[in-house]
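Note that the structure is predicted; figures quoted are calculated from it, not measured. Proteins get letters first, then strands, A, B, ... in listed order; numbering begins at 1 in each.
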Number of protein chains: 2
Amino acid sequence: MGLSSAFKALSDPVRRKILYMLRERDMTAGEIAEKFDISWPTISHHLNVLKQAGMVVDERKGQNIYYSLNTSVFEEVVAFLMELWGRKETGF
Amino acid sequence: MGLSSAFKALSDPVRRKILYMLRERDMTAGEIAEKFDISWPTISHHLNVLKQAGMVVDERKGQNIYYSLNTSVFEEVVAFLMELWGRKETGF
DNA sequence: AAGATATTTTGATGATTATCTAAATATAGT
DNA sequence: ACTATATTTAGATAATCATCAAAATATCTT
């Protein structure tokens, strides 16, 4: 299920934009939601999809919940693509 | 739409397996379908999803239709992931 | 304990998706 | 032209998904 949920998470532009924002700094759910013209529950849903896919981590600090990138899954995804990309018969 | 359809195409294990098989050699739709316990129309549907995403190319040769990998889209996908993966503040 | 703020959960809805069977199309060989 | 082979298209169904409004939960402040 790892690769499937990761690619599924990446297939939505809203979620890709969230990941792209988190690349610069950790953000609260509210900060993230403000960047979109989408309801908070929908953003919360997207964050949950990313969390289930292991691409983000959340941590509560007081009233806020901070989200941050979890790059370990990216390794798996990139590794799969590189293996696919590099043709088998190529020896180097 | 490019990245979304590419990631969506990659989110299905059947389609990932098809891509993985095509890495070794070009195959006809029939050869591909034989590898799965899924109906031919369903495989045809998956091939069409991959084609729409620009990840495979099809070419008719007589009765057969050959499918082959199209790696140009992979560049785009990997580039996006690498940009996401490499943290912004890292200078090297 | 009561009110304010931040975020998620619930329940509902319309859109998309994976799958099937049956029918249609295209090519090759007789 | 007819038949066999290869593959896709059409039509239907059940499952999943993105979205919203309303309600619930958690933490902080007073």
Next item on the list: Could you encode protein contacts along nucleotides 24-30 of chain D as a string, one character per nucleotide from 5' to 3', using B for base contact, S for sugar-phosphate-only contact and - for no contact, with a heavy-atom cut-off of under 4.0 Å?
Entry: --SBS--
Next item on the list: Going 5' to 3' through nucleotides 11-21 of chain D, assign each nucleotide B (protein heavy atom under 4.0 Å from a base atom), S (under 4.0 Å only from sugar-phosphate atoms) or - (no protein heavy atom that close).
Entry: ------SSBBB
Within the structure provided, determine whether [X] and [Y] are in side-chain contact (heavy-atom separation under 4.5 Å).
X	Y	result
A:Lys8	B:Lys8	no
A:Asp12	A:His46	yes
A:Ile65	A:Leu47	no
A:Phe74	A:Met55	yes

Notebook entry, point to check: For B:Glu59 and B:Tyr67, what are the C-alpha separation, side-chain angles and deciding distance, and is it a side-chain hydrogen bond (donor to acceptor under 3.5 Å, both in side chains)?
Noted result: CA-CA 7 Å; B:Glu59 184 189 3; B:Tyr67 281 86; over 6 Å; no
Checklist line | Under-4.0 Å side-chain N/O to phosphate OP1/OP2 contact, B:Asn48 with D:dT8 | finding: no
Check: side chain to side chain contact (heavy atoms under 4.5 Å, CB included) with B:Leu50: which of B:Asn70, B:Ile18, B:Asp58?
Finding: B:Ile18
Notebook entry, point to check: Would you say B:Glu31's side chain and B:Thr28's backbone share a donor-acceptor pair under 3.5 angstrom?
Noted result: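 Side chain of B:Glu31 to backbone of B:Thr28: a pair is present.
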Check: Between B:Arg60 and B:Gly62, is there a donor-acceptor pair closer than 3.5 Å when you use the side chain of the first and the backbone of the second?
Finding: yes
Check: Quick one: how far along DNA chain C does chain B reach, first to last nucleotide 5' to 3', anything under 4.0 Å to a heavy atom?
Finding: C:dT17 to C:dA28
Margin query: Assigning hydrophobic clusters by single linkage (Ile, Leu, Val, Met, Phe, Trp, Tyr; side-chain heavy-atom cutoff under 4.5 Å), is B:Val14 placed with A:Leu10?
Written below: yes
Check: Contact class for A:Tyr67 vs. all strands (heavy atom < 4.0 Å): base, sugar-phosphate, or nothing?
Finding: sugar-phosphate
Check: Rounded to the nearest 0.5 Å, what separation is found between the CZ atom of A:Arg15 and the OG atom of B:Ser4?
Finding: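 If we round to the nearest 0.5 Å, A:Arg15:CZ and B:Ser4:OG are 9.5 Å apart.
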